[in-house]
Amino acid sequence: MTEANPDFSKGAAYINGQYVPIAEAKVPVGDWGFTHSDVTYDVVHVTDGGFFRLEDHLDRFHRSLEGYRLDPGVTREEMRAILGKVVALSGLKDAFVAMISTRGVPRVYGSRDPADCDNTFIAYAVPWVDVIKPDVQARGAHLLVAQVPRISQNSLDPTLKNYMWRDFTRGMFEAKDKGFDTAILLDSDGYLTEGAGFNVFIVKDDKVITPDRGALRGITRLAVLDLCPELGLEPIVGPITFEDLMEADEVFTTTTAGGVMPCARVNDRIYGNDRPGPISAKIKDTYWRKHKEGWHMTPVNYADADN
Ligand code: PLP
C-alpha cells in the first residue's frame, strides 16, 4: 500500500525502482540474498545533514559488488542521487544510510545458476543507531573474546562487506550469556580480527594498532588511522595476538554506526581505571569535532525530496 502522501518520518527506502516508507521495503522470500546470504551492502552515516566519506563508502561498495560478481545495473552517479534522495525524503539530519545489492530471484523457477538472477539495488535511510549504546560507550564497553573463531578469510573475504554473521551471532550469544556487552573474535591462528559490526584497536604507549587480517577495512578505522599523526600517535596495521590485547594500555572499537567507541574491559582484564582510556577519549573527541568542522562531509540536498 503506497499512500498519496507517504510518511517517510521513520525512514525512506528505494526498492524495485520506487521510493517507499521504510516499513514497505520488502525482499521476496525467493531472493538469493535471503536464501543464500548472496548479498553485499555498505552503510554510510549522515550527521548534521552531511554524508561522511561518501566516496570511500561508494568505492568499497563497488569493490564488494565486483568481489561478489553482482551488477545492480545502477551507475555510481545514480547511486549517489538515490542515497541523497532517501535521506532527503526522510528529512533526517542524523541517519544510518544503507546501500544493498542482492542476487535477486531467479527468472527460471528452481534455477541454481546465479546468471539467471537479476541483481537488485536497494537503499534506505533510517534514524541514527549506535552499535554500542551511548551509555555503554560512556562507561567503556565490556568485550568478550568469544570461543568461536572468525570464519577463515580463505572461505569468506572479510574485506567484502557481507551479512554472513553466523560466527558473530554465536559470539554475541556467548557474550550476553556471560554478562558482556558484545564479542570480538580471534581467527583460528589466534590473531585478533574484529567484532560484530566494528573494527578493534589496541593502544600501547603512543602506538594505535588495528589487525591486519580477518577484518573489514572499516571507513571509521581509516578515519582513525588518518587522525593519529596529528595527535602525535603512530598508526599501525599489524598482527595482534591475545597476549597483545591483554597487555594493551587501552582498547577501543570503531564503526560507522557509533564512531569511536572506547572499551573498559576485555574478558577479565580491566584497563586503566575501568573507564574509557585517555587516548581513546581523545581520538573519539577529535573524530566528532572534525565532523562538526565538515571534515570529509558531503551536504545532503534536502530540496531533492520534492524532485
Ligand atoms: N567490521 C564489520 C564486520 C562491520 O560490519 C563493520 C560495519 O558495519 C565494521 C567492521 C566497521 O566498518 P565501518 O567503519 O566502515 O562502518
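Keep in mind that the numbers below use all heavy atoms, side chains included, and drop hydrogens, waters and symmetry copies. Numbering of ligands and ligand atoms starts at 1, following listing order. Keep in mind it's a predicted model, so treat the numbers as computed, not measured.
- Residues Arg221 and Glu194 fail the side-chain proximity criterion, which asks for heavy atoms closer than 4.5 Å.
- Distances shorter than 4.0 angstrom occur between a heavy atom of Thr255 and an atom of ligand 1.
- Ring planes of His45 and Phe52: parallel class, angle under 30° (limits at 30 and 60°).
- Polar contact check, Arg221 against ligand 1: no nitrogen or oxygen pair lies under 3.5 Å apart.
- Looking only at heavy atoms of the protein, atom 8 (O) of ligand 1 is closest to Lys161 NZ, 2.6 Å.
- When only non-hydrogen protein atoms are considered, atom 14 (O) of ligand 1 lies nearest to Thr220 OG1, 2.6 Å.
- Between Trp288 and His291, the two ring planes are tilted [angle within 30° to 60°].
- No side-chain heavy atom of Ile283 sits under 4.5 Å from any side-chain heavy atom of Phe201.
- Of all the heavy atoms of Phe198, the ones lying under 4.0 Å from any atom of ligand 1 belong exclusively to the backbone.
- Short contacts between ligand 1 and Gly218, defined as distances under 4.0 Å to a heavy atom of the residue, involve ligand atoms 12 (O), 13 (P), 14 (O), 15 (O).
- There is a side-chain donor-acceptor pair under 3.5 Å between Asp7 and Ser9.
- Within ligand 1, counting atoms from 1 as listed, the ones closer than 4.0 Å to a heavy atom of Thr256 are 13 (P), 14 (O), 15 (O), 16 (O).
- Looking only at side-chain heavy atoms (C-beta outward), Met246 and Val266 come within less than 4.5 Å of each other.
- Contacts of Tyr41 with ligand 1, taken as heavy-atom pairs under 4.0 Å, involve the side chain alone.
- Counting the atoms of ligand 1 from 1 in the order shown, those under 4.0 Å from a heavy atom of Phe168 are 3 (C).
- Residue-level proximity to ligand 1 for Ile219 is carried by backbone and side chain together, each with a heavy atom below 4.0 angstrom.
- The shortest side-chain heavy-atom distance between Asn119 and Arg103 falls under the 4.5 Å cut-off.
- Ionic pairing of Lys93 and Asp48 is not present here: no N-O contact between side-chain nitrogen and carboxylate oxygen is shorter than 4.0 angstrom.
- Comparing heavy-atom distances from atom 1 (N) of ligand 1 across Glu194, His45, Arg53, His57 singles out Glu194 as nearest.
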